[in-house]
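Reviewing the structure listed below.
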Amino acid sequence: MVIPATTPMVTNPITIFFIVLVIILLAPVLLNRLRIPHIIGMIVAGVVVGPYGFNILARDMSFEIFGQVGILYLMFLAGLEIDMYHLKKNLQRGMGFGLYTFLVPMVLGTVSSYWLLGLDWLTSVLLASMYASHTLVAYPIVSRLGLTKSPVVIITVAGTIVTVLGALLVLAGVVSIHAEGEFNWAYMGRLLGATALYAAGVIYLYPRLTRWFFKTYSDSVTQFIYILALVLLASWVSQIIGLEGVLGAFFAGLVLNRYIPYLSPLMNRIEFVGNAIFIPYFLIGVGMLINVGVVISSWDTLWVATVMSGMATLCKWVAAWMTQKTYKMSSVDRSMMFGLSNAQAAATLAAVMIGYNIGMFSEEILNGTIVMILVTCTISSVITERAALRLKTQEARNDTAPEEQEARRTATLIPVANPITVEGLVELAVMLSAPRSRQPLYALHVRNDNSASSRAIGRNSLDMAVQSAAASDQKLTPIERYDLSTVTGVLNTIEERDITEIVMGLHRRGSIIDSFFGTKIEQLLKSTNKMLVLSRCYNPVNTVTRIVVSVPHKAELETGFTRWVKAMGNLARQVGCRIIFCCDDGSKMAIRAVIHREKMEIRSEYRQMENWDDFLILANRILDDDLFVIVSARATSLSYNSSMDDMPAFIQRYFTRNNILVIYPEQFGKEVTSKTTFVDPLATDITSSPWPLWVSIRNWWRLMIKLRKRITHRHRTPRIQQ
């Protein structure tokens, strides 16, 4: 199908861009009232304003460029937002779904094309490969509802790569047979070899380049351009070796995943640009390709479009149903897999255009493909919207009870004094918090004079803190305070705002006689029992390779034990790296219990560390790219020992170039949550009340034992008397 060459009504670039922005703005607003996914509105708007509608806009190079970047951006976000831990955990099921969603359309599609459409076997196989591939057009719906880390979504995304890669290999094989009359094994071998070299090159080069770049350049705009350049480079190289660009974009997202935390400013900018410009452009461009008039132009086109749309939908539903039955998943999971995998767009368009250009497909199949894209995208959006809402409702029901959430309420205070270090402190505080907790964040600047320079530094520091939090889509409350001293101001703010944890920079020694922590931090430790996190990070936190946590003996007995373990789990989950706890057996069981109860599915490891000598050995095992976390304790606390007094000098001597976090947990306070769980068979919670059903079963069992003893005693008594 060739787009008509008639002159569109609007040719001015400014007016064209204005119309596109109006569509992007009004589609969600209008269709949300009708409970219709706004993705359908984008596609329908493209039909209306496109060359087959009112011919207001032409599908020129701007839509070609922005649309192509949009589909690459969509796949890049899909790879970027995947939780790597969950991907490894669900990789087997993802591969299983990928095989189902590839083989079922290939078999059913080939048979139906041969018998219902009268095509030859080779053309039927090529048409079936179009059914097998799919595009994650409805992925923005899942992303908007915060379900990108859901296991069923990860399974579907992993299956997408399997089926798209399989469809591309089938396309290459069919084209080779059509051109040469036989299957070219040499070409297929070169393609597979080039794919393996390409994957190895990206895996090896991208992490090293990204770590070096983020350490060298901290400007947000520069980092964004760098990431976008890497995505386009990966897509371009994948096209050179004979693959689709979407595979390269997705693979780049997987490799760069751990360097772009979910709550980081860079992630917020990437999502904003994609969802605001590129992805809507792609959807509108897809709508411009659709000519609804071809459906009624002839019975042949209507029949072909009906068969193609019906088979594409049926095959994807059968694949989702088989996956559900194989892995014993729920009906909501089946609907989500079917909804996300039903849409046909990018790879389907590429295959049909290749088949049409080499003479394998007729114009009826070309027109039927365009109609199939409209039908499958509509079904995909509606089904995914409904399944996502049901899945979100189930997650909300399984969340913690409101009263327990209130008991766990936390508020973080970030004392700021230097505008240079503010951004790093705010980013660290955001990563230490739960991803969707929205806990209060406060930035505090304390001054004890009214000079113009002091006011200017304070205002500048607070403005930087607000901007850094806003870049991560977090709300931060700035506080400027006049007080006798910095310590007094911090302590008063803690009491006034119900602060539970303080994140601040590590003191820099100003003279030889100055202590390692400094007078202010030492006074703060003596004056409050709240959790205190001291940071000295030379490199960005998202570039660390491991988190090594040194845990003292009896740390699990402190009241703030649960809070700092959760903070470290949140940090490891955001950065996406391993976390290694160096602790004794008692602390190990307690840490595992907290991680299990809070459902922090992170890559955690444990190393035996019994005394201070083991702590000294860590000096030779901490790498420059590691984050070394030292859990200390206040004097007279349960986990305190005299060897901790040597810790500052030890850090100053052996860890001068390392990223350091020193944590003083909340101590001498009241623990609001239990640290025990059934993660270990020996773990029990003696403070919790028994389950009512268990109490009934236990009482019934005791009653039966008593009755049995009485009956046995009655039967034995006469014999004893005889």
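Numbering starts at 1 and runs along the sequence shown.
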Close side-chain approach of C583 and Y606, heavy atoms under 4.5 Å: yes
Output all residues satisfying side chain to side chain contact (heavy atoms under 4.5 Å, CB included) with D483, sequence neighbours left out; order by chain, then residue number. V446, R481, T488, N492
Straight-line distance of I225 CD1 to L230 CG, nearest 0.5 Å: 11.5 Å
To the nearest 0.5 Å, how far apart are CD in E427 and CD in Q574? 10.0 Å
So does Q223 have more than 12 non-hydrogen atoms from other groups sitting under 6.0 Å from CD? yes
Does E605 pair with R607 as a salt bridge, N-O distance under 4.0 Å? yes
Is the ring pair F213/Y217 parallel, tilted or perpendicular, if the boundaries are 30 and 60 degrees? tilted
Side-chain H-bond candidate by donor/acceptor type, T421 with N418, under 3.5 Å: no
Would you tell me whether E666 and T559 have side-chain atoms, one donor and one acceptor, within less than 3.5 Å of each other? no
Indicate whether the side chain of D626 and that of T545 have a donor and an acceptor atom separated by less than 3.5 Å. yes
For residues 258-273, which residue pairs pass the salt bridge (charged side-chain N to carboxylate O under 4.0 Å, His left out) check, not counting sequence neighbours? none
The residue among E556, K554, H553 that forms side-chain hydrogen bond (donor to acceptor under 3.5 Å, both in side chains) with S587 is E556
If you measure only the distance, is there a donor-acceptor pair under 3.5 Å linking the side chains of T210 and Y226? yes
Just grab all the salt bridge (charged side-chain N to carboxylate O under 4.0 Å, His left out) pairs involving residues 212-221, residues at least two apart or on different chains. K215-D625
